[in-house]
Structure formats: C-alpha cells, structure tokens
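Throughout, numbering of the chain's residues begins at 1 and tracks the sequence.
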Amino acid sequence: MQLNISGHHLEVTDAIRAYAENKIGRLERHYDHITNVRVVLSVDKLVQRAEATVHANGIELFASANDADLYAAIDALSNKLDRQVLKHKEKISDHRTRAV
C-alpha cells in the first residue's frame, strides 16, 4: 500500500505523519487489495480537516472528517474509511457466495 500524506496550509510533522500512517495502516488488516491512499490534512481557522481517498481493485473510496483537534479528525477519518472498506468487502463476499 502506497501512502501519500500532504498538508494544505499546514506543515506535516513527523509525529502527525506517524500517527496518520498508524491509523490508516489499519485498513490493510481488513482488505489486502488497497493500492494507494492519499491523505490531505488542512487547517481552516479553528477547524482541522482530514480527507482521504483510497484506491483499491476497481473501487475508489473517499472520506473526510472535521474536528477542533487534528488527531481527533484523523481518528474519525480512519473509522469512516474502516467502515467503508468493511462494507465493500461484505458486498463482494456476499455477492459471490450466495447460494439458493
């Protein structure tokens, strides 16, 4: 999985980068076919925003999260992406294994 973390009006420090890599890295435990993840962290006055686009075999998932704290926004983002990946994986496995 290739992970690209960038900042918009924000310098991405080593601590923020390591935290985001740790949280986004959880996605590989649920779905092995993720090829590329692009994370954009931004600051708009008092609102911290985290956005991510996940590319996998045939799908593209997008999620964004806002919070007053950047770490909390990254947590919310990883939870949203985790749910989307699990839902996609469930759709694939449910579709292929259905026997009547």
Quiz prompt | Nearest-0.5 Å distance that lies between atom CG in L81 and atom NE2 in H88 | solution = 13.0 Å
Quiz item: So how far is it from Q84 CD to I59 CD1, rounded to the nearest 0.5 Å?
Solution: 8.5 Å
Side-chain donor-acceptor pairs of residues 37-45 under 3.5 Å, sequence neighbours excluded:
none

Quiz prompt | Atom of D67, atom of A73 and distance for their closest heavy-atom approach | solution = CB-N, 3.9 Å
Quiz item: Counting only N and O atoms by type, is there a donor-acceptor contact under 3.5 Å from the side chain of K89 to the main-chain atoms of Y31?
Solution: no
Exercise. Dump the intermediate steps for side-chain contact (heavy atoms from CB on, under 4.5 Å) on H30 and D82, then the final yes or no.
Key: CA-CA 8 Å; H30 296 294; D82 198 29; 2.7 Å; yes
Exercise. With rounding to the nearest 0.5 Å, note down the distance linking CD1 in I34 to CD in Q2.
Key: 13.0 Å
Identify every side-chain donor-acceptor pair in residues 46-53 under 3.5 Å, counting partners at least two apart or on other chains, and give the distances.
| from | atom 1 | to | atom 2 | distance (Å) |
| --- | --- | --- | --- | --- |
| R49 | NE | N66 | OD1 | 3.2 |
| R49 | NH1 | E51 | OE2 | 3.2 |

Self-check item: Donor-acceptor under 3.5 Å (K23 side chain, I74 main chain)
Solution: no
Quiz item: How far apart are the closest heavy atoms of A63 and K80, and which atoms are they?
Solution: CB-CB, 4.1 Å
Could you list the donor-acceptor pairs under 3.5 angstrom formed between side-chain atoms of residues 4-22 and any protein atom two or more places apart in sequence or on another chain?
| from | atom 1 | to | atom 2 | distance (Å) |
| --- | --- | --- | --- | --- |
| T13 | OG1 | I16 | N | 3.3 |
| Y19 | OH | D75 | OD1 | 2.5 |
| Y19 | OH | D75 | OD2 | 3.0 |

Exercise. Could you please spell out the steps behind the side-chain contact (heavy atoms from CB on, under 4.5 Å) verdict for V85 and H33?
Key: CA-CA 11 Å; V85 166; H33 303 292; over 6 Å; no
